[in-house]
Amino acid sequence: MNLTKYLVFNFYGPKMWMVFLLLVWGLVIGTESSTLTSQPEMEANAIYNSGWWNTSDANYTISNRCNWGQISCNKAGSIIKITIDGYSDEGVRGNNFGTLNLSTFHNLESLVIMNVRLQGSIPKEIGHLSKLTQLYLSSNSLVGEIPPSLGSLRQLKHLDISHNSLQGSIPHELGFLTNLTTLDLSQNQIKGDMPLSLGNLTKLTHLILYKNFLLGEIPSSLGNLKKLESLDISNNKIEGSIPLELGFLRKLTSLYLSFNRLNGNLPISITNLTQLESLDISSNFLTGSLPSNLGQLSNLQLFWLNNNSFNGTFPISLNNLTQLEYLDISKNFLTGSLPSNLGQLSNLQLFWLNSNSFNGTFPITLNNLTQLEFLDISHNYLTGSLPSNLGQLSNLQFLLLNNNSFSWTFPISLNNLTKLEYLDMSYNFLTGSLPISLRNFSQLKTLNISHNFLLGTLHSNLFPFTYNKASIDLSHNNISGEIPSTLGDFQQLLLNRNNLSGTIPQSICNVSYVDISYNYLRGPIPFCVHPSAVIGNKDVCNNTSCDHIYFQDFVSENKFYFQPCSPIFQPCPPVFQPSPPPKKINKVNHHVAIFLPILIVLILAFSSLVCFKLCNNSTKKKNGNTTTTKNGDVFCIWNYDGKIAHDDIIRATEDFDMRYCIGTGAYGSVYKAQLPCGKVVALKKLHGYEAEVPAFDESFRNEVKILSEIRHRHIVKLYGFCLHKRIMFLIYQYMEKGSLFSVLYDDVEAVEFNWRKRVNIVKGVASALSYLHHDCTTPIVHRDVSSGNILLNSEWQPSVSDFGTARLLQHDSSNRTIVAGTIGYIAPELAYTMVVSENCDVYSFGVVALETLLGRHPQELLSSLQLASTQSMKLCEVLDQRLPFPNNGMVLLDIIRVVVIAFACLNFNPSSRPTMKRVSQSFASELTPLTIPLSEISMQQLMSQEFKALFHILNH
Ligand SMILES: *[C@@H]1O[C@H](CO)[C@@H](O)[C@H](O)[C@H]1NC(C)=O
Ligand SMILES: *[C@@H]1O[C@H](CO)[C@@H](O)[C@H](O)[C@H]1NC(C)=O
Ligand SMILES: *[C@@H]1O[C@H](CO)[C@@H](O)[C@H](O)[C@H]1NC(C)=O
Ligand SMILES: *[C@@H]1O[C@H](CO)[C@@H](O)[C@H](O)[C@H]1NC(C)=O
């Protein structure tokens, strides 16, 4: 048999087939092992390619990865653990989960990446890590949904992906993870129902789902989780009743169901959970009475059931909970009297009973709760007197007994509560005298006994604890006598609505906030006292000298008037000298004789100024105000609308220190000052030498004259002013964001300054100008409308400011003037006519409106508008490129309207410009959607008559 024949024969025979197959298989294996790498090498590649580690760092060479500390390997060099915790590890932060190729780590048993701002979503490939027993991804920045593939990790014991921004719902596949003992999904944005399949996780000891948006009811299948020790589903939107099956979870030590929408009764089965140490069912809609055998929960230490609608009585058995440290049953509808044996809760430290309907008396045994630090019984119907031995609660720091019907006298034993910081007994029927002294209350910060029927006087020893900046409220009582002349620096002292008499001591100025209104006090009001704090005392008088500038009361906008003390007015103190010693008032008394007549003239002059109403309610015009200002030396203007001391301004700015300067303008510097009341104001100040320049002086007075008479949401508010030859300043509302100009030319601010905000600013300015031009009896032309004179507050609301050059349009005079305003905003016709009219403001408004949308001054665009190339430019090409082109149709339409109006206002022919009234009306009219594609609109279209008609801006 020759060889060929043998081969041919055998090729068809079984043996040869086997040889052939083996050969092929060998070939396949051979190629595989030569092109693919080993498991450790694949992992090394994945680690290297993730870019998470700086592998050029000597401490992070790839070959050394098993010794990095963050990585552990098995004997074969394959990775079994990755542990990155931002608390101990500074290295790896802000990475994207997606760049680590998870599917290569076949041997991984533990993956811990916590507190490192890990980004991206959880890759679905995580389901390939079949050996994983623990997965901790908490406190990162993960988004997206929880991948259902997690359900394949059958070995998983611990799954914690809490404190991220995960969305979607809980995949029911998690129910396959039957080896799970910990499941923590808390603090995400997970929606939807809790899947029934959670009931399969019978080995769970911790199920933590708080702070999500979970809906639906608590699945009764949770009753299967017999090993559960901790269940927290608080802060969700869970509805329905508490399933009685929760009573099967005998191992539970903590159960948190608070801040949901649970209703129905508290099931009696809950009282089977005798291991419970913390139980929180607060802030739900639970109703009915509390189970009478709550006392079975004998291990309970923390118990919240507040903010529900429980009714019925306080369960007596609760007294068995001797471990309780914290009990909050406030804000329910519990009735009846408090059990007499409450004193058994001997470990109680914090106890809230407030806002129920408890009646009866204060339980005597409460005195046994010597651990108590906080007790709130307020807002109930308790009657009778306080037990005399209340002083035994020696650890008490907070005691709230207010809004009851207690009718005791002030219990002397309270004086033993030396740790007391907060005592509120207001709104009761307390009678008898005030104690002589509260000497022992050395920690007291708040004392409120207002709204009782207390008698007695304010003995000077009453408040020896003044160093605490305490807040004392004794208002609405029958306290008589005088205010002690030694008062400490209280934060707050309220004595209003009593029977106090005598004069007001200067020591009252040590108190930050005082109210002594509605008493029988008499004599001068100390300069530090706000007028609203002394009203209702008919014999007090105004002792104001002109170092006080009165201005608008921020809150109530009330006006106050007090009869002048005698002698009528004191002269101005020399407070305007370089280093002001503001308390030197008396030294200059001998000037009275000289200054008095001048002052009277000034007062008269000022009254006429006040009468000079520009807007609405008066058509009278008087001209008596200007000449008097020349009398110079002692001229301060004030009005009786609230007050601020000149000293306060000096103090707040440390005598106009440069550190408080926030800008300099044409007429002086602007400072930011925080007044003692907390209010922040802006001050515009002229320097001494500038004040002597007539133009500056004039502009300041002009601004005062105009601003003190007009009031509009979008016109800067003038709170007060001091006009004096040496120092002149105006006090304005403080605008946090500065000028429109500064915002537009700051690349960071400009991005936050989105289209909606920009359109609103233009609308606000339009309404302010319309008001000035059309709603005042005498029209006012601003003459300097520019982006630098439009200020923005923290809510991006605009105010038109700087009325230094504003003009009242007198229809009987020629209104000719020198050109005023800011270059780039001045209407072209002013260059040759010099006639002031509202049209000039309209032009400037057009510039500002375009500038707001372009993010730059429109000069270039305007001067090239005659060119065909410019006319064919698209809107999207000229808008501020730092913002994305608006994707909202309504916003875009709003922008188009602003541009159409702006072009109409920029008409070279003054009489063709729309009035500000028309502009405002156009902004107020409803927007009708256009049929053309908005992003394609060209400059030419925006300037067309057709578009003007569309937006109702044509002049008729
Ligand atoms: C490497 O680690 C050592 C000790 O942990 C440390 O002292 C050194 O600064 C590290 N080197 C670099 C380049 O981070
Ligand atoms: C739970 O883990 C054990 C080993 O730790 C494993 O044998 C078992 O298959 C796992 N259970 C399930 C349902 O996969
Ligand atoms: C408690 O409220 C329930 C309804 O929520 C009512 O049926 C019951 O009569 C009330 N009980 C008392 C004692 O007021
Ligand atoms: C307390 O209120 C209950 C009804 O809520 C009433 O029956 C009882 O008489 C009251 N007790 C006292 C002492 O006023």
Side-chain angles (χ1 to χ4, degrees), residues 217-218 220 237-247 257-271 279-297 303-319 327-345 351-369 375-390 400-409 411 425-431 451-453:
E217 304 197 357
I218 303 175
S220 53
K237 297 176 175 180
I238 310 271
E239 303 167 331
S241 53
I242 301 176
L244 56 90
E245 287 82 355
L246 289 193
L257 305 174
S258 55
F259 293 96
N260 277 297
R261 297 163 180 181
L262 294 167
N263 54 33
N265 295 345
L266 181 63
I268 297 192
S269 65
I270 292 292
T271 58
L279 174 58
D280 187 355
I281 52 173
S282 64
S283 301
N284 278 293
F285 304 121
L286 297 169
T287 52
S289 53
L290 293 166
S292 59
N293 55 350
L294 268 182
Q296 276 174 228
L297 303 175
F303 189 11
W304 294 263
L305 50 84
N306 49 298
N307 282 57
N308 277 295
S309 302
F310 289 119
N311 60 12
T313 55
F314 190 100
I316 300 206
S317 73
L318 220 60
N319 301 309
L327 176 59
D328 190 345
I329 61 175
S330 65
K331 300 184 183 162
N332 279 292
F333 301 114
L334 298 172
T335 53
S337 55
L338 293 169
S340 58
N341 55 354
L342 264 185
Q344 288 174 19
L345 303 175
F351 192 9
W352 278 264
L353 290 157
N354 51 299
S355 306
N356 278 292
S357 302
F358 292 122
N359 60 10
T361 55
F362 190 93
I364 300 212
T365 62
L366 217 60
N367 302 309
N368 296 338
L369 308 184
L375 176 60
D376 187 349
I377 313 188
S378 64
H379 295 271
N380 278 294
Y381 301 109
L382 296 180
T383 51
S385 58
L386 266 190
S388 56
N389 54 355
L390 198 63
L400 291 87
L401 305 170
N402 50 298
N403 297 76
N404 276 290
S405 302
F406 288 124
S407 58
W408 17 258
T409 57
M425 305 195 284
S426 61
Y427 292 93
N428 277 293
F429 299 104
L430 197 61
T431 54
H451 295 87
N452 279 289
F453 299 97

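Counting convention: from 1, in listed order, for ligands and their atoms alike. Below, each value reflects all heavy atoms present in this structure, side chains not excepted, and no hydrogens, waters or symmetry copies. Note that the coordinates shown come from a computational prediction; the quantities given were computed from them, not determined experimentally.
Using a 4.5 Å heavy-atom cutoff, the side chains of I242 and N284 are not in contact.
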Report the C-alpha distance between N319 and L342 in whole Å, list the side-chain angles of each, state the deciding distance to 0.1 Å, and finish with yes or no for side-chain contact (heavy atoms from CB on, under 4.5 Å). CA-CA 6 Å; N319 301 309; L342 264 185; 3.7 Å; yes
Quick one, T287 with N265, criterion side-chain contact (heavy atoms from CB on, under 4.5 Å). Give me CA distance, side-chain angles, the key distance, then yes/no. CA-CA 5 Å; T287 52; N265 295 345; 3.9 Å; yes
Under the criterion side-chain contact (heavy atoms from CB on, under 4.5 Å), I'd like the reasoning laid out for S258 against I281: C-alpha separation, chi angles, the key distance, then a yes or no. CA-CA 5 Å; S258 55; I281 52 173; over 6 Å; no
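For ligand 4, the 4.0 Å heavy-atom shell contains residues T335, N359.
Of the options T383, L401, N404, a side-chain contact (heavy atoms from CB on, under 4.5 Å) to F362 is made by L401 and by none of the others.
Of the possible polar contacts, none joining the N354 side chain to the H379 backbone as a donor-acceptor pair under 3.5 Å is found.
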